[in-house]
> 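Provided herewith is a single structure, encoded as structure tokens, for subsequent inquiry.
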Amino acid sequence: MDKPGMEAYRKRKAEKTAKASYEQRKVEMDLSYEVLFKKNKKAWNYWEAKAPSYRKQCTWWVMSAKKEETRSNRLQILIESSEKEELVPPLKWTVKGK
């Protein structure tokens with residue numbers, strides 16, 4: 001690594017690292033959330049068919065929320081999107097102007 005890169009690396013703040021879903025070794029949905037999700041068979045089947053990377057991102061999106069209310073809302077969005085066989089809104093690609 002070049003000198004400027006090493007300098008930036010040394011200045012990094014530990015509390016700001018390992019925040020993204022891809023930086024997590026293991027991400028699991030709370031069991032009570034999984035039970036709610038499984039009640040909707042169509043949504044659960046879609047979820048199970050998706051790639052592990054997608055499931056990890058979505059699980060992290062739901063479980064990383066600080067407030068219980070936010071986690072519940074995100075879970076509901078995940079279930080509704082899965083039932084429609086759609087990606088959750090934060091992971092959809094959008095084209096500006098269309």
Side-chain angles (χ1 to χ4, degrees):
M1 191 180 302
D2 290 339
K3 187 176 180 180
M6 284 302 292
E7 190 174 318
Y9 180 77
R10 280 191 221 103
K11 289 181 180 179
R12 77 189 186 288
K13 295 180 178 164
E15 66 272 4
K16 291 193 173 195
T17 62
K19 297 275 186 180
S21 63
Y22 65 85
E23 297 175 296
Q24 308 306 310
R25 290 193 184 272
K26 193 172 185 180
V27 178
E28 291 184 0
M29 191 174 292
D30 188 80
L31 184 58
S32 63
Y33 287 16
E34 192 173 311
V35 168
L36 288 172
F37 202 156
K38 286 181 178 179
K39 286 182 179 182
N40 186 322
K41 296 215 182 286
K42 183 177 180 183
W44 184 255
N45 288 337
Y46 177 78
W47 172 255
E48 287 286 286
K50 296 306 286 176
S53 58
Y54 175 77
R55 293 194 313 260
K56 183 177 181 180
Q57 283 181 303
C58 290
T59 301
W60 180 251
W61 177 64
V62 172
M63 300 309 299
S64 66
K66 293 179 180 135
K67 294 181 179 180
E68 174 61 32
E69 178 183 358
T70 307
R71 286 190 297 272
S72 294
N73 289 339
R74 288 180 179 181
L75 177 66
Q76 192 59 41
I77 292 167
L78 175 59
I79 292 170
E80 290 170 3
S81 297
S82 297
E83 185 176 31
K84 295 176 195 172
E85 298 185 351
E86 296 177 351
L87 300 177
V88 291
L91 297 180
K92 285 183 182 179
W93 287 87
T94 57
V95 178
K96 289 187 177 185
K98 290 196 177 194

> Strictly by salt bridge (Lys or Arg N to Asp or Glu O under 4.0 Å), give each pair with a member in residues 32-53 just once, sequence neighbours left out.
Glu34-Lys38
> Tell me every residue that passes side-chain contact (heavy atoms from CB on, under 4.5 Å) with Pro90, counting only those two or more places apart in sequence or in another chain.
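Trp61, Val88.
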> Could you tell me which residues satisfy ring-ring contact (aromatic ring centres under 6.0 Å, His included) with Phe37, sequence neighbours excluded, listed by chain and number?
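Only Trp44, Trp47 meet the ring-ring contact (aromatic ring centres under 6.0 Å, His included) criterion with Phe37.
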> Apply side chain to side chain donor-acceptor pair (under 3.5 Å) to Asp30 and list each qualifying residue two or more places apart in sequence or on a separate chain.
Ser32
> Glu68: which residues meet the side-chain contact (heavy atoms from CB on, under 4.5 Å) condition with it, sequence neighbours left out?
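For Glu68, the residues satisfying side-chain contact (heavy atoms from CB on, under 4.5 Å) (neighbours in sequence not counted) are Tyr33, Arg71, Ser72.
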> Enter the distance from Thr59:OG1 to Leu75:CG here, rounded to the nearest 0.5 Å.
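The CG atom of Leu75 is 9.5 Å from OG1 of Thr59, to the nearest 0.5 Å.
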> At their closest point, which heavy atom of Ile77 faces which heavy atom of Pro89, and how far apart are they?
CG2-CD, 3.7 Å
> Does anything in residues 73-94 form a salt bridge (Lys or Arg N to Asp or Glu O under 4.0 Å)? List the pairs, not counting sequence neighbours.
Glu86-Lys92
